Amino acid sequence: VTSLFYEYMLFFLEIKNVNQNIAKKQIEEEIIYIQQLWQLEYYEKALKIREQVFGAEHPNTQNIKNKIIRLKEKLTN
């Protein structure tokens with residue numbers, strides 16, 4: 001979910017910076033709306049999910065691989 005918000009914002013920033021014929025005010029309003037939506041509706045939920053999957057520690061590649069292996073083992077048993 002996090003990456004979807006990020007990519008969506010990048011998309012609008014790219015449009016705003018590249019296309020001179022676009023209504024920049026509307027693009028800026030959409031960017032602000034997406035930022036607020038993320039902060040108010042999704043940020044806390046994403047943090048809780050991340051903590052459930054990875055724990056309180058910052059996920060690293062090996063940690064992710066280990067958790068995937070354990071999850072696969074649980075599913076196959």
Side-chain angles (χ1 to χ4, degrees):
V1 173
T2 305
S3 62
L4 291 176
F5 275 90
Y6 180 71
E7 291 296 325
Y8 190 63
M9 295 263 302
L10 288 180
F11 170 74
F12 279 108
L13 289 171
E14 182 71 20
I15 289 173
K16 180 182 169 210
N17 292 332
V18 172
N19 191 338
Q20 298 300 317
N21 297 323
I22 198 85
K24 292 187 180 198
K25 176 87 170 135
Q26 290 174 324
I27 297 295
E28 290 169 358
E29 288 172 357
E30 182 67 14
I31 290 171
I32 291 168
Y33 170 75
I34 293 301
Q35 287 174 329
Q36 290 174 343
L37 182 65
W38 169 252
Q39 290 172 348
L40 299 174
E41 305 252 345
Y42 290 92
Y43 178 72
E44 290 294 327
K45 292 175 187 176
L47 278 181
K48 287 178 185 176
I49 290 169
R50 184 185 87 50
E51 287 177 2
Q52 288 174 351
V53 173
F54 300 110
E57 65 207 48
H58 181 70
N60 61 40
T61 304
Q62 190 58 47
N63 188 21
I64 293 170
K65 287 179 184 177
N66 291 340
K67 294 207 181 254
I68 291 171
I69 290 169
R70 282 186 291 228
L71 181 60
K72 284 181 181 179
E73 289 172 351
K74 287 181 182 178
L75 293 173
T76 56
N77 290 336

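These numbers come from a predicted model, not from an experiment.
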From [X] [atom1] over to [Y] [atom2], what is the distance, rounded to the nearest 0.5 angstrom?
| X | Y | atom1 | atom2 | result |
| --- | --- | --- | --- | --- |
| Lys16 | Met9 | NZ | CE | 10.5 Å |
| Tyr6 | Ile34 | OH | CD1 | 15.0 Å |
| Lys48 | Tyr43 | NZ | OH | 12.0 Å |
| Phe12 | Lys24 | CZ | NZ | 14.5 Å |
| Leu37 | Ile32 | CG | CD1 | 13.5 Å |
| Ile27 | Ile22 | CD1 | CD1 | 4.5 Å |

Shared ILVMFWY cluster between Trp38 and Tyr33, side chains joined below 4.5 angstrom?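 Trp38 and Tyr33: one cluster.
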Does atom CD of Glu29 have more than 12 heavy-atom neighbours, drawn from other residues, nucleotides or ligands, at distances under 6.0 Å?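 Buried by this count: over 12 neighbours within 6.0 Å.
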